[in-house]
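Reviewing the structure listed below.
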Amino acid sequence: MLKVGLTGGIGSGKSAVSAELSSCGAVVIDADALAREVVEPGTPGLSEVVAEFGERVLAEDGGLDRAALGEIVFADQERLAKLNAIVHPRVGERSGQLMEEALAAGTEVVVYDVPLLVENDLGSLYDLVVVVDAPDEVRVERVFGDRGMPREQVRARIRAQADRDTRLAAADLVVDNSGSRDELRARVAELWRELSTRAQE
Ligand SMILES: CC(C)(COP(=O)(O)OP(=O)(O)OC[C@H]1O[C@@H](n2cnc3c(N)ncnc32)[C@H](O)[C@@H]1O)[C@@H](O)C(=O)NCCC(=O)NCCS
Ligand SMILES: Nc1ncnc2c1ncn2[C@@H]1O[C@H](COP(=O)(O)OP(=O)(O)OP(=O)(O)O)[C@@H](O)[C@H]1O
């Protein structure tokens, strides 16, 4: 089984690349989705978050108020580190389990879509590190335009992440997503051919 770590900063296009790879036949594990699961209502993860940040990060329905927590942690590195210390070990454990399941199922290519691969030094866990890349301001405009996140909030997340050059230096392969969606689709088709070849080796 070829284990691929897929990373990129906020708005780089990881989800778009993952969706294409999944339709090609890869098994995709999504770290952002796991980070949501481990703080769902009733989980020890959510209790720890509330113990650390207070009830102000709870929404009326008892779930996590993600926007409120985001505003707190992306304005303050120490608070972000506290949140990461609660969430990341749980995401690591769960993703490890899912990797094992993919292996047991005879999967050829498994892709771990994780924004913080470089920041958390996870590269050695994978056979191949693929970085999805686009200039910072292109990413700001995409996240603002498609998700309505205020530009300054996108920039605050970019500041909390590795810079572009550091991330690119960790890449075995780079998917350039500075162009159109069609260009991206063509690049991912090429990437899939490469991954399939390597999976046979
Ligand atoms: C602060 C939270 C509640 C904000 O939730 P929100 O729904 O607004 O964002 P979402 O989780 O969808 O993340 C969107 C993007 O923000 C960026 N981001 C999220 N967490 C982090 C972080 N700890 N450090 C840097 N960037 C981050 C990533 O590019 C991510 O793809 C949430 O991001 C969170 O719990 N973060 C800590 C866990 C984490 O590191 N998740 C990333 C994958 S393990
Ligand atoms: N080539 C492109 N042209 C225009 N828009 C794009 C392109 N690629 C992706 N997008 C859009 O940009 C936004 C960010 O892409 P996507 O969600 O795939 O990134 P991501 O890396 O998963 O982001 P996050 O770190 O926030 O999870 C999405 O709204 C997506 O539809």
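Just follow the structure's listing: the first ligand is 1, and inside any ligand the first atom is 1.
Under 4.0 Å is where a charged nitrogen must lie from a carboxylate oxygen, and between R155 and E137 at least one such pair does. Between E190 and R185 there is no salt bridge, since none of the side-chain N atoms of the basic residue sits less than 4.0 Å from a carboxylate O of the acidic one.
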Ligand 1: protein N/O within less than 3.5 Å of ligand N/O:
residue, atom, partner, partner atom, Å
ligand 1, 5 (O), R66, NE, 3.4
ligand 1, 5 (O), R66, NH2, 3.4
ligand 1, 7 (O), R66, NE, 2.9
ligand 1, 8 (O), R157, NH1, 3.4
ligand 1, 8 (O), R157, NH2, 2.9
ligand 1, 9 (O), R157, NH1, 3.0
ligand 1, 11 (O), R66, NH2, 2.9
ligand 1, 12 (O), R36, NH2, 2.9
ligand 1, 16 (O), R157, NH1, 3.0
ligand 1, 23 (N), N84, OD1, 2.7
ligand 1, 26 (N), Q161, NE2, 3.0
ligand 1, 29 (O), Q161, NE2, 2.9
ligand 1, 31 (O), D32, OD2, 2.7
ligand 1, 40 (O), H88, NE2, 2.6

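Near ligand 2, residues G9, I10, G11, S12, G13, K14, S15, A16, D32, R142, D146, R147, N177, G179, S180, R181 each place a heavy atom inside the 4.0 Å sphere around the ligand atoms.
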Full working for side-chain contact (heavy atoms from CB on, under 4.5 Å) between L64 and V57 | CA-CA 6 Å; L64 188 61; V57 299; 4.1 Å; yes
Do E40 and T43 pass the side-chain hydrogen bond (donor to acceptor under 3.5 Å, both in side chains) test, and can you show the C-alpha distance, the side-chain angles, and the key distance before you say yes or no?
-> CA-CA 6 Å; E40 270 173 8; T43 57; over 6 Å; no
Taking it one step at a time, do N177 and V17 satisfy side-chain contact (heavy atoms from CB on, under 4.5 Å)?
-> CA-CA 9 Å; N177 187 25; V17 171; 5.9 Å; no
Begin with the C-alpha distance, continue with both residues' side-chain angles, and end with the deciding distance and a verdict on salt bridge (Lys or Arg N to Asp or Glu O under 4.0 Å) for R181 and D146.
-> CA-CA 14 Å; R181 288 175 195 275; D146 296 355; 3.6 Å; yes
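Counting only N and O atoms by type, the side chains of E194 and T197 include no donor and acceptor under 3.5 Å apart. Side-chain contact check for S178 and D176: at least one donor-acceptor pair (N or O, by modelled atom type) lies under 3.5 Å.
Atom CD of Q200 sits in a crowded spot, with more than 12 heavy atoms from other residues, nucleotides or ligands closer than 6.0 Å.
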